[in-house]
Amino acid sequence: MSKKILYSLLAMLILTAFVLTACGSAPAEPAAEDTTSEEAEVEEVEEVEEVEEAEEADASEVEVFSWWTGGGEAAGLEAMIEVFNAEYPDIEFINAAVAGGAGTNARAVLATRLQAGDPPDSWQGHAGQELIGTYVAGNQIQSLNEMYDAEGWIDVMPETLIPLISYEGDIYSVPVNIHRANVIWYNPAILEENGLEVPTTMDEWFAAMDTLQATEVIPLALGEQWTQLHLFETVLLGSLGSDAYDGLWDGSTDWSSPEVAAAIDDFAKVLTYTNSDSASLSWQDASQLVVNGDAAFNVMGDWAEGYFRELGMVPNEDYGWAPVPGSVGVFQFLSDSFTLAADAPHAEGAEAWLKTAGSKDGQEAFNPVKGSICARTDCDPELFGVYLQSAMEDWGSNTVSGSLTHGVVANDSWKSEIDTALGLFLIDQDAEAFQTALLDACVSSGPCQ
Ligand code: GAL
């Protein structure tokens, strides 16, 4: 295209834009400051207030926001919606779920909506720093003390969880489950064919993956970046042990210590056993490589079990599980919970939803499908499969640590700085720079300030 044509085109574009803007912003008639317009204004304000009041009392519907759209997750949510529909047949459930594992997309959409003053009535938020540091700190959600009293939830929710959903004596969300983050899923047939035992330490894991490296299978299946952060936190736990891992989040473990350097080295080594197309795989894609026989191991939270079951896979045949090597005896947990928006458009609908979410019926319908155990302590274990029964036992007997990727231990800014540092490390593999960036993140947004 010649320069002359290009300039003419540009000029036409600018002219069109100018005309459109001029049309769109035609000055309004100057408002006469007389009594009639004042009266009209008062009427308008009254009308808006009436509409707002009507909306608050509106129990005709409830809009619930989550990131459970597929792969075992949607099925779990559907099971709880069924209980809700049976209990509240007159309230329409609007499922506003946004796709993308770990809420990476959903949380961005939610932030935009909250900023625009357009909150869903109730949304999914992780118990811990994510809930307290973001939604409570931003005055975006309401305290649920009265509901806890009325429903008797204090007696049935685990003591470990209450501080993670409370701020200054008020409780802010309804936990629906407990998930485990530090699970290594494996293909039993592949291990057997290669004469391998399930590894329990980092060294055993490396040795097993060295053997597998010489075969056709991928030693460790990996997916997109949030799953790499998930892998990193579990390797930190496995390499440091739970005391030192916990100390990273309260300032008692030094991010610049040789132990953290060694954990980063372990992580760098773990990455050498993974598939090269990880960035383009969802967590479901990566987990599926294991049950399809293309990969031996995958580290993923136990929502993967919900997915394996949805695929029709049989526990202990098509897949096995163990704590991530180095973290035997530790249950690294996270908990999905639901909130009540500060200015929920349908507060009554939202309260009804939260009652279902916190109920025994709701949790017993949801969790066996979702691949999690109930947050409530009174669910019937018989309703759960063999994996989840083992998770219940571990939750009751193991040392408990919290997840970084899923909102427990670090606030959103700190987590995002760690994630940025990880992103750079994945590109440049500079372990020293990674460790410095992790320390800097703790200084700017964590307890090292
Ligand atoms: C987590 C969430 C789980 C599961 C997972 C994968 O953050 O707590 O329930 O949805 O993401 O999407």
Side-chain angles (χ1 to χ4, degrees), residues 64-81 95-111 122-131 133-135 161 164-165 173-183 185 221-234 281-288 298-310 331-339 357 362-363 365-375 387-388 391 395 402-412 415-416 418-419:
V64 177
F65 189 96
S66 76
W67 53 86
W68 295 332
T69 59
E73 320 220 85
L77 178 59
E78 277 308 321
M80 187 141 62
I81 297 174
N95 186 350
V98 171
T104 31
N105 305 330
R107 294 207 55 215
V109 173
L110 177 64
S122 176
W123 64 83
Q124 176 187 0
H126 288 122
Q129 292 301 315
E130 178 181 311
L131 187 88
T134 301
Y135 308 128
L161 222 49
L164 297 172
I165 52 172
S173 71
V174 180
V176 289
N177 67 4
I178 304 288
H179 266 306
R180 187 174 193 169
N182 62 323
V183 188
W185 305 95
L222 187 61
E224 59 186 310
Q225 188 168 327
W226 77 260
T227 74
Q228 307 180 10
L229 185 64
H230 185 115
L231 178 64
F232 178 54
E233 72 176 46
T234 61
L281 302 188
S282 68
W283 70 262
Q284 286 100 333
D285 296 334
S287 316
Q288 198 167 354
N298 172 236
V299 170
M300 190 37 57
D302 47 13
W303 42 90
E305 221 256 337
Y307 183 48
F308 293 154
R309 284 176 167 269
E310 189 173 272
F331 192 115
Q332 188 186 28
F333 91 105
L334 57 117
S335 170
D336 294 303
S337 71
F338 281 88
T339 61
Q363 299 209 358
F366 170 72
N367 286 295
V369 184
K370 177 68 167 60
S372 40
I373 60 177
C374 291
Y387 165 73
L388 287 173
W395 171 244
S403 164
L404 161 69
T405 313
H406 310 282
V408 183
V409 292
N411 61 46
D412 280 342
K415 177 179 139 185
S416 132
I418 295 176
D419 195 39

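Remember, it's 1-based here, ligands and their atoms both numbered in the order they're listed.
- For Thr405, no heavy-atom contact with ligand 1 is shorter than 4.0 Å.
- In terms of protein heavy-atom proximity, atom 2 (C) of ligand 1 is closest to Asp336 OD1, 3.4 Å.
- Each of the following atoms of ligand 1 lies closer than 4.0 Å to a heavy atom of Trp283: 6 (C), 12 (O).
- Aromatic pair Phe232/Trp226: centroids not less than 6.0 angstrom apart.
- The shortest N or O to N or O distance between Gln124 and ligand 1 is not below 3.5 Å.
- Residue contacts with ligand 1 do not include Gly103, since none of its heavy atoms lies under 4.0 Å from the ligand.
- For the residue pair Gln124 and Asp336, a side-chain donor N or O sits within less than 3.5 Å of a side-chain acceptor on the partner.
- Within ligand 1, counting atoms from 1 as listed, the ones closer than 4.0 Å to a heavy atom of His126 are 1 (C), 2 (C), 7 (O), 8 (O).
- Listed by chain and number, the residues in a ring-ring contact (aromatic ring centres under 6.0 Å, His included) with Trp68 are Phe338, Phe366 (sequence neighbours excluded).
- Ligand 1 places these atoms under 4.0 Å from at least one heavy atom of Lys370: 3 (C), 4 (C), 9 (O), 10 (O).
- A salt bridge is absent between Lys370 and Glu305: the closest approach of a Lys/Arg side-chain nitrogen to an acidic carboxylate oxygen does not fall below 4.0 angstrom.
- Close contacts of ligand 1 with Leu334, meaning ligand atoms under 4.0 Å from a residue heavy atom, involve 8 (O).
- The shortest heavy-atom contact between Ser403 and Ala181 is CB-CB, 4.3 Å.
- Taking every heavy atom of Gly101 and a limit of under 4.0 angstrom, the matching atoms of ligand 1 come to 12 (O).
- For the residue pair Arg180 and Asn182, a side-chain donor N or O sits within less than 3.5 Å of a side-chain acceptor on the partner.
- Closest protein heavy atom to atom 10 (O) of ligand 1: Glu73 OE1, 2.6 Å.
- Here the NE2 atom belonging to His179 is positioned 6.0 Å from the CH2 atom belonging to Trp303, to the nearest 0.5 angstrom.
- Counting heavy atoms from C-beta on, the side chains of Phe331 and Ile178 come closer than 4.5 Å.
- Protein heavy atom in closest approach to atom 1 (C) of ligand 1: His406 ND1, 3.3 Å.
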